[in-house]
Amino acid sequence: MRKSEWQKSSYSGASSECVEVRAAGRAVELRESDEGHLILHTTPAALAALLHGIKADEFDHHAQPPSR
């Protein structure tokens with residue numbers, strides 16, 4: 001399985017706290033830069049669907065504190 005180099009967003013700047021991504025054969029791998037030993041493996045289609053959902057604010061309700 002051929003793997004590319006880890007890449008991080010240019011928005012991260014010099015920060016070491018960012019999500020990194022790379023291609024790994026037919027898969028995509030993601031990791032948090034300060035937890036490099038923990039790697040999430042997914043498909044390009046699943047990652048695209050996640051990014052689409054994030055951009056469409058589909059997950060914002062998970063970030064809200066519960067109402068009392």
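Nothing here was measured: the structure is a model prediction, and the numbers come from that model.
- S33 places a side-chain N or O within 3.5 Å of a backbone atom of C18 that can act as its donor or acceptor partner.
- Between S4 and R22, the shortest heavy-atom distance links the atoms O-CD, 3.1 Å.
- Partners of A46 according to the side-chain contact (heavy atoms from CB on, under 4.5 Å) rule, which considers only residues two or more places apart in sequence or in another chain, are T42, T43.
- In this structure, CG in D34 is found 9.5 Å from CD in E20, a value given to the nearest 0.5 Å.
- Sparse packing is recorded around NE2 of H52, with 12 or fewer heavy atoms of other residues, nucleotides or ligands lying under 6.0 Å away.
- One distance of note links CZ of R31 with CG of L40; it measures 13.0 Å at 0.5 Å rounding.
- Under the 4.5 Å side-chain heavy-atom criterion for ILVMFWY residues, a single connected hydrophobic cluster contains both V21 and V19.
- The side-chain contact (heavy atoms from CB on, under 4.5 Å) test applied to E35 returns E32, H37, L38, not counting sequence neighbours.
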